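Report on the following structure.
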Amino acid sequence: MRTTLRTTGVAVRAMAVFTLLLGVAYMLLITAVGQVALPFQANGSLITTADGQVAGSQLIGQSFTDADGNALPQYFQSRPSAAGDGYDSTASSGSNWGPENEDLIAAIEERRAASVALDGSGQIPADALTASASGLDPDISVAGAERQVARVAEARGLSASEVESLVSAHTIPRDLGYLGDPRVNVVELNRALDAL
């Protein structure tokens with residue numbers, strides 16, 4: 001009995017020490033390092049307007065549609081979202097539909113028809129037809145952005161070359177020079193268009 005109590009006491013004290021050390025002190029240390037070394041990223045990569053209002057995050061896509069859900073032609077369109085009612089960060093998830101799921105096939109065909117209606121026929125990149133695993137992806141492929149250039153230029157009364165140069169300026173290269181593909185952050189690109 002005495003050994004059991006002693007062992008239990010040691011275990012409780014060890015749990016308390018490691019909870020304070022790893023659950024509190026370590027978290028405070030990592031938070032402090034993040035705030036000092038990378039404050040923009042540590043605070044959510046927030047995008048603010050000229051008057052300091054938060055307009056979104058570089059890490060979460062946004063919908064550029066009207067109240068009825070129709071795409072606004074003067075904006076580049078984001079990757080489709082499967083998160084809640086569209087880019088809902090509290091409902092982040094993919095559809096989890098397999099490649100032969102009838103709902104996925106129907107969603108892809110619906111998105112294909114919407115893309116053709118908006119930007120005409122031609123090669124449609126896969127990221128314009130499928131949602132990302134999180135449903136919050138803020139980026140589209142360079143091909144997806146290039147497909148939308150003519151529409152955005154016409155809707156804004158700009159030349160295609162002006163819009164293409166903005167796409168080029170907002171193209172993010174491969175991570176570390178070799179990971180992933182180049183991509184375009186739609187929120188940042190649309191903000192740059194509005195700033196013209």
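Values below: all heavy atoms of this structure, side chains included; hydrogens, waters and symmetry mates excluded. Being a predicted model, the structure only gives us computed values, none of them experimental.
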How would you list all residue pairs meeting side chain to side chain donor-acceptor pair (under 3.5 Å) that involve [range], not counting sequence neighbours?
range            : result
residues 121-130 : Arg79-Thr130, Asp127-Ser141
residues 186-196 : Gln58-Glu188, Tyr75-Asp194, Arg156-Asp194
residues 9-25    : none

For a quick test of reading the model, state the closest non-hydrogen atom pair linking [X] to [Y] and the distance between them.
X      : Y      : result
Ile140 : Ser78  : CG2-C, 4.0 Å
Ser81  : Ala131 : C-CB, 4.1 Å
Ala145 : Val184 : CB-CG2, 4.1 Å

Discussion item. For Ala55, is there any backbone N or O sitting under 3.5 Å from a side-chain donor or acceptor partner on Gln62?
Written reply: yes

Worksheet item: Counting N and O atoms only, with roles assigned by atom type, does the side chain of Ser45 sit under 3.5 Å from a partner on the main chain of Leu59, one being a donor and the other an acceptor?
Response: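 Looks like no, no N/O pair under 3.5 Å.
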
Discussion item. Test question: given the 4.5 Å side-chain rule for I, L, V, M, F, W and Y, name all other residues clustered with Leu5, or answer none.
Written reply: none

Item to complete: Identify, with sequence neighbours excluded, every residue that meets side chain to side chain donor-acceptor pair (under 3.5 Å) alongside Thr49.
Response: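 Asp51.
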
Fill in: Those residues that, when tested against Gln77, pass side chain to side chain donor-acceptor pair (under 3.5 Å) (two or more places apart)
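Residues passing side chain to side chain donor-acceptor pair (under 3.5 Å) with Gln77: none at all.
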
Practice prompt. Could you grab the distance from atom CH2 of Trp97 to atom CD of Glu102, nearest 0.5 Å is fine?
Written response: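 Spacing of CH2 (Trp97) from CD (Glu102) equals 11.5 Å.
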
Worksheet item: What is the distance from atom CG of Asn185 to atom CZ of Phe76, rounded to the nearest 0.5 Å?
Response: 12.5 Å

Practice prompt. Show your reasoning for whether side chain to side chain contact (heavy atoms under 4.5 Å, CB included) applies to Ile124 and Val116.
Written response: CA-CA 8 Å; Ile124 303 173; Val116 168; 3.9 Å; yes

Return a table of donor-acceptor pairs under 3.5 angstrom between the side chains of residues 63-72 and protein atoms on other chains or two or more places apart.
unit_1	atom_1	unit_2	atom_2	d
Ser63	OG	Thr65	OG1	3.0
Asp66	OD1	Asp68	N	2.9
Asp66	OD1	Gly69	N	3.0
Asp66	OD1	Asn70	N	2.8
Asp66	OD2	Asn70	ND2	3.4

Throw together a table of side-chain donor-acceptor distances under 3.5 angstrom for residues 107-115, partners on residues two or more places apart or in other chains.
unit_1	atom_1	unit_2	atom_2	d
Arg111	NH1	Leu129	O	2.9
Ser115	OG	Arg147	NE	3.2
Ser115	OG	Arg147	NH2	3.1

Practice prompt. Please identify each residue that fulfils ring-ring contact (aromatic ring centres under 6.0 Å, His included) with Phe18, with sequence neighbours left out.
Written response: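 Partners of Phe18 under the ring-ring contact (aromatic ring centres under 6.0 Å, His included) test: none.
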
Worksheet item: Is Ile60 reachable from Val186 through a run of hydrophobic residues whose side-chain heavy atoms are each under 4.5 Å from the next?
Response: no

Worksheet entry | Whether over 12 other heavy atoms sit under 6.0 Å from Gln41 CD |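 Above 12, so yes.
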
Exercise answer: donor-acceptor pairs, residues 22-40 side-chain atoms, under 3.5 Å, sequence neighbours excluded:
unit_1	atom_1	unit_2	atom_2	d
Thr31	OG1	Met27	O	2.8
Gln35	OE1	Asn43	ND2	3.2
Gln35	NE2	Asn43	OD1	3.1

Worksheet item: Does anything in residues 165-186 pair up under salt bridge (Lys or Arg N to Asp or Glu O under 4.0 Å), and if so which pairs, sequence neighbours excluded?
Response: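 Pairs touching residues 165-186 that pass the test: Asp139-Arg183, Arg174-Asp181, Asp175-Arg183.
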
Name every donor-acceptor pair, under 3.5 Å, that has one atom in a side chain of residues 160-172 and the other anywhere in the protein, sequence neighbours excluded.
unit_1	atom_1	unit_2	atom_2	d
Ser161	OG	Ser159	OG	3.1
Glu162	OE1	Ser159	N	2.9
Glu162	OE1	Ser159	OG	3.2
Ser165	OG	Ser161	O	3.4
Ser165	OG	Glu162	O	2.7
Ser168	OG	Glu164	O	3.2
His170	ND1	Leu166	O	3.0
Thr171	OG1	Val167	O	2.7

